[in-house]
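Have a look at the structure below before the remarks.
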Amino acid sequence: MLEFIEGYYAYIFLALLFTIGLYGMMVKRNLMKKILGMSMVQISTIMFWLVSAFKEGAGVTVLNERIGVDNPDLYFNPLPHTLMLTAIVVAVITLGVSFALAIAIYREYQTLDEPSLLERMK
Amino acid sequence: MIGAEAPVFIPLAFLVSAMLALLLGVISRPLAYVTAIVGSAAALFFSVRGLQAVLADGPISYHLAGWMPPLGIELYLDPLAGFFCVLLSGITLLVMVYGRHSVQHETPRKEVPFYSLAMFLVGGLSGMVMTGDLFNLYVFLEIGALSGYGLVAIGDKRAPVSAFRYLTLGTLGAAFFLLGVAFIFISTGTLNMADIARVLLVSQPTTPIMLGMALIVVGVGLKMALFPMHAWLPDAYTHASSTATALIAPIGTKVAAYILLRVLFFMADPEYVRHDIHLTDVVGYLGAVGIIWASVMAITQKEMKRMLAYSSVAQVGYIALGIGLASPLGFIGAVLHVINHAFMKACLFLVSGSFRLRLGHSSIPKLDHGVGRVLPWTSAAFSIAAISMIGLPPTAGFFSKWYLALGSIEQSNWVFVAVLLISSLMNAVYFFRILERMYLKPRSASDDGKEAEMPQQAAPANNEAPGSMLVPTLVLAAGVLVLGIMNAWGISHIIEPMIPEGL
């Protein structure tokens, strides 16, 4: 059990973060908190990819003359990093759009609290 | 040769016109409308050429920037993708033509962002249809989804709230999808779908792959509004402008269903999905529950757009049911229903938009037989689409349900057969309700006292919707009939080549 926790602790924390984010999105009533939860879900997904690229004892994916190209085990897998660069851009845009919508909602109803929002929408 | 390059031209036509619409819109607003139409017409042209080339010479694989797959991104056009592209750009062209008066009327002074976002949306969707790379699929998914949120937000006063709900759930769906892709990437080491299929064929199914597939199904299910995950859909469709709904409803959720087809039957081994992890069963039964539940909800709605939105959830259920059958007949039924539903639902939403323009509302209790007289052609189009939704023989809707029923009987799945029969009855209930009001209910006996006191003019003259709105509606209604009559030819020539091996 301890070995499992030691070996996979990053994944365990990420699962925790994902769950907290999900909880925030689903249960919290304030729209800003929902956005925060959404951001957590996205970040934990991105981090999951990055953690999967980690290798014990490996270094940055820049050609190192001492290592050469014969031993790819000494480099991180660069693909998840580059992919997640795109995913981060997507996450930022999503945040931007959600803030824009929150502003539009606030201007219309003067509240970001969901119950009173539903009240005012009637 | 345009055929071989078609895969890259289709999304490009949409995305370029999206940006041009924004730029030209600064000079003059009508230019944005023209750009959108030119863009979708160009995309339709490329899609048709692409489909022709595919049907003649087999699938086309286009390597972006010349990088060979599995390392580079591959755009892959096979009969299924080709046909989806034609459907997508065809419906887009019709809806864009329709948009001229409706967008001006419902969301004045927002035409330029509207057309630009619409083009971005369809550009993303067409990319999703063609890409052969799972991560690229995620990127296109988000391009489509983000512009979809914006498009929904350009609507009535409540639209931003429903767009916000759509955004949170849609983002969650995308996160689940990305997580699923991560699991599959970790266990197979590749992102190219054809490559993954090769790896999965020789490797033993492991827990990460099962988990990845399940997460992808959950993520895509959120996007396609599969039953328990449909909460965002009714509000989003009701409060968006009519044109936006007519664009998102027929193709947005359908492209998600297409991703499900791709992932379950093309990327993974259908045998494995069906027997080892029972994913198709889950999808099928969720679809079946969704059909019944959404039909009940549709019956209780008073607003026509909201009713149509719930009916969309039910129709997604039919497609899921066809996928759940995981047999050639189920596949034909699902694909046929995607096509039919795109035509029917686009037509119905366009009609509700015309009602909003000419009658000022689309509330069912306020309809009376004056509608049949004021808008004779629009009402006729509505009737054809409604009859097709119910599934009466000469129309298209009958045949997709027929294939779904055949597929269910073939597997002795009586639950599905019962669901199909009961839901057809429920469809009849909620559509005949409107048809009855449109043609039979006399004027004056209005539910609202005020309106009855209004000076009763002699039956108003023919006040049909303007041509730019009427023609697309009628084309779609005619399409419903043509699809119904030509279905045998269409299935043997177009849908049967799509069926994946091993299904």
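All values below come from the heavy atoms of this structure, side chains included, with hydrogens, waters and symmetry mates left out. In what follows, chains carry the letters A, B, and so on, assigned in the order in which the sequence lines appear, proteins first and then strands, with residues in each chain numbered from 1.
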Notebook entry, point to check: Just how far is it from atom CE of A:M26 to atom CG of B:L169, taken to the nearest 0.5 Å?
Noted result: 5.0 Å
Next item on the list: Look up atom NZ in B:K157 and atom CZ in A:R120, then write down how far apart they are to the nearest 0.5 Å.
Entry: 12.0 Å
Next item on the list: Would you indicate whether the side-chain heavy atoms of B:F176 and A:V41 approach each other to under 4.5 Å?
Entry: no
Check: How close do A:M121 and B:R158 get, heavy atom to heavy atom, and via which atoms?
Finding: O-NH2, 2.7 Å
Margin query: To the closest 0.5 Å, what do you measure between CG (B:L172) and CD (A:Q42)?
Written below: 9.5 Å
Notebook entry, point to check: Between A:A87 and chain B, which part of the residue has a heavy atom less than 4.5 Å away: side chain, backbone, both or neither?
Noted result: both
Note to self: Can you confirm whether A:L31 sits close enough to B:R165 that some side-chain heavy atom of one is under 4.5 Å from a side-chain heavy atom of the other?
What the structure shows: no
Next item on the list: Identify which part of B:I143 has an atom lying under 4.5 Å from any heavy atom of chain A, answering side chain, backbone, both or neither.
Entry: neither
Check: Which answer fits B:V139, side chain, backbone, both or neither, if we ask what part of it has an atom under 4.5 Å from a heavy atom of chain A?
Finding: side chain
Next item on the list: Measure the shortest side-chain to side-chain distance between A:L83 and B:Y138 over non-hydrogen atoms and say whether it is less than 4.5 angstrom.
Entry: no
Next item on the list: Against chain B, label A:L22 side chain, backbone, both or neither, depending on which of its atoms sit under 4.5 Å from a heavy atom there.
Entry: side chain
Check: Which bit of B:I186 is near chain A, if near means a heavy-atom gap under 4.5 Å: side chain, backbone, both or neither?
Finding: side chain
Checklist line | Aromatic plane relationship, A:W49 with B:F135 - under 30° parallel, 30 to 60° tilted, over 60° perpendicular | finding: perpendicular
Item checked: Heavy-atom side-chain proximity of A:L112 to B:F164 below 4.5 angstrom -> no
Check: Should B:T171 and A:M25 count as side-chain neighbours, where that means a heavy-atom distance under 4.5 Å?
Finding: no
Item checked: For B:A153 against A:L101, the heavy-atom pair lying closest together -> CB-CD2, 3.5 Å
Note to self: Just checking A:M47: does its CE atom have more than 12 heavy atoms from other residues, nucleotides or ligands closer to it than 6.0 angstrom?
What the structure shows: no
Item checked: Residue among A:A104, A:P80, A:G21, A:S98 with most heavy-atom pairs under 4.5 Å to chain B -> A:S98
Next item on the list: Assess whether atom CD of A:E6 is packed by more than 12 heavy atoms of other residues, nucleotides or ligands within 6.0 Å.
Entry: no
Checklist line | Separation between CG of B:L167 and OG1 of A:T94, rounded to the nearest 0.5 Å | finding: 6.5 Å
Checklist line | Atom CZ of A:F13: over 12 foreign heavy atoms under 6.0 Å | finding: no
Checklist line | More than 12 heavy atoms of other groups within 6.0 Å of A:Y106 OH | finding: no
